[in-house]
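The next block holds one structure in the form of structure tokens; read it before the comments.
In this chain, numbering begins with 1 at the start of the sequence shown.
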Amino acid sequence: FRTRRGYHVADGLDRRVEATRQAMEFAHALGAPIVTNHVGAVPADEAAPEWKLLADVLTDLALYSQRSGTVLCALTGTESGASLGKLLERLPKGLIGVTLDPGNLILSGFEPLEIVEAVGTEIRHVYADDAARDIVGLRPGVAARGATVMLGRGSVDYPALLGALEERQYRGYLSVASSGTVDAATELSSAIKYLRSL
């Protein structure tokens, strides 16, 4: 469930929160245990008003998850594991999850393993995707030159990533999707075969 802005932006926030609550209720009615969204950029300064606003709204949505029966998961890609970990520490334990998107992390200049190390026990869903990037002069958090590629052909170290998830007893889904680079049926079949080979 994607919103135009994150929960750290005050403009139109009430509408976004209400829409998120409705999405959580709808997901529960469908039997889906999670709703995934970009929750917004986590400010570096914990004293910033945007940081407090983000933490307050996510706390509200976390508590709402107890009523709706569906957990909101923060989609990775816009912040480091340390930043996301700090935010999750401020929220009710176990009521906000994480959807790991390794390809998105690669394109944003972050390492998927670093995210797993920081918030691994909170990961509820994993997108099995991949991306390749030009690492020359890359700074973390700065959009990299790169592209989404077929699973297993990019910069994500899947054997290490799946091992790290296993160590943290991840038992959720690995969702595959087409990168749009080749025929979708061929790509998805190849992705599933690749994952099963690991």
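Side-chain N or O atoms of Arg168 include one that pairs as donor or acceptor with a backbone N or O of Val116 at under 3.5 Å. Between the side chain of Asp129 and the backbone N or O of Asp101 there is no donor-acceptor pair closer than 3.5 Å. Between the side chain of Thr20 and the backbone N or O of Arg16, at least one donor-acceptor pair lies under 3.5 Å. The backbone N or O of Ala55 lies less than 3.5 Å from a partner atom in the side chain of Thr59, making a donor-acceptor pair. A donor-acceptor pair under 3.5 Å is formed between the side chain of Thr70 and the backbone N or O of His28. Of the possible polar contacts, one joining the Asp130 side chain to the Val156 backbone as a donor-acceptor pair under 3.5 Å is found. When atom types are taken as modelled, the side chain of Ser197 and the backbone of Tyr194 share a donor-acceptor pair closer than 3.5 angstrom.
Under the 4.5 Å side-chain contact rule for hydrophobic residues, Leu54 and Leu63 do not share a cluster. Under the 4.5 Å side-chain heavy-atom criterion for ILVMFWY residues, no single connected hydrophobic cluster contains both Leu30 and Ile34. At a threshold of 4.5 Å between side-chain heavy atoms, the hydrophobic network of Ile, Leu, Val, Met, Phe, Trp and Tyr places Leu151 and Ile192 in one connected group. Val149 and Leu174 are assigned to two separate hydrophobic clusters, defined by single-linkage of ILVMFWY side chains at heavy-atom distances under 4.5 Å. Under the 4.5 Å side-chain heavy-atom criterion for grouping Ile, Leu, Val, Met, Phe, Trp and Tyr, Leu195 is connected to Leu105 within one hydrophobic cluster.
Ile115 and Ser80 get closest at one heavy-atom pair: CD1-C, 3.7 Å. Taking both residues in full, the closest heavy atoms of Glu50 and Pro43 are given as CB-CG, 3.8 Å, listed atom of the first, atom of the second, then distance. Val126 and Ile123 make their closest contact through CG2-CG2, 3.8 Å (heavy atoms, listed as atom of the first residue, atom of the second, distance). Ala74 approaches Leu84 most closely through the heavy-atom pair CB-CD1, 4.5 Å. Nearest approach of His38 to Thr78, heavy atoms of both residues: ND1-CG2, 4.4 Å. Across Leu100 and Pro102, no two heavy atoms sit closer than the pair O-CD, 3.5 Å.
The side-chain heavy atoms of Val71 and Leu95, taken from C-beta on, include no pair separated by under 4.5 Å. In this structure the side chain of Leu75 reaches within 4.5 angstrom of the side chain of Arg2, judged on heavy atoms. Side-chain atoms of Val39 and Ile96, non-hydrogen and from C-beta on, never get closer than 4.5 Å to each other. Tyr173 places a side-chain heavy atom less than 4.5 Å from the side chain of His125. Side-chain contact between Leu53 and Tyr7: absent, with no pair of heavy atoms (C-beta onward) separated by less than 4.5 Å. The shortest side-chain heavy-atom distance between Leu88 and Leu58 does not fall under the 4.5 Å cut-off.
The neighbour count for Glu18 CD, taken as heavy atoms of other residues, nucleotides or ligands under 6.0 Å away, is above 12. No more than 12 heavy atoms of other residues, nucleotides or ligands sit less than 6.0 Å from atom CZ of Arg67. Shown here is Asp14, whose CG atom has no more than 12 heavy atoms of other residues, nucleotides or ligands within 6.0 Å.
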**Request:** Walk me through it: do Thr76 and Val119 pass the test side-chain contact (heavy atoms from CB on, under 4.5 Å)?
**Result:** CA-CA 11 Å; Thr76 61; Val119 300; 5.7 Å; no
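Here the CG atom belonging to Leu165 is positioned 10.0 Å from the CZ atom belonging to Arg171, to the nearest 0.5 angstrom. Atoms CD and CZ, on Glu187 and Arg153 in that order, are 9.0 Å from each other to the nearest 0.5 Å. Once rounded to the nearest 0.5 Å, the distance linking OG1 of Thr36 with CZ of Arg124 reads 11.0 Å. Here the straight-line distance linking atom CD of Gln22 with atom OG of Ser68 works out to 12.0 Å at 0.5 Å rounding. A distance of 11.0 Å separates CG in Leu61 from CG in Asp56, rounded to the nearest 0.5 Å. Annotation: the span from Leu72 atom CG to Ser65 atom OG amounts to 8.5 Å, rounded to 0.5 Å.
At a threshold of 4.0 Å, the pair Arg21-Asp60 counts as salt-bridged, since one of the basic side-chain nitrogens sits closer than that to a carboxylate oxygen.
For the 3.5 Å distance criterion, the side chains of Tyr127 and Asn104 fail to qualify, holding no donor opposite an acceptor.
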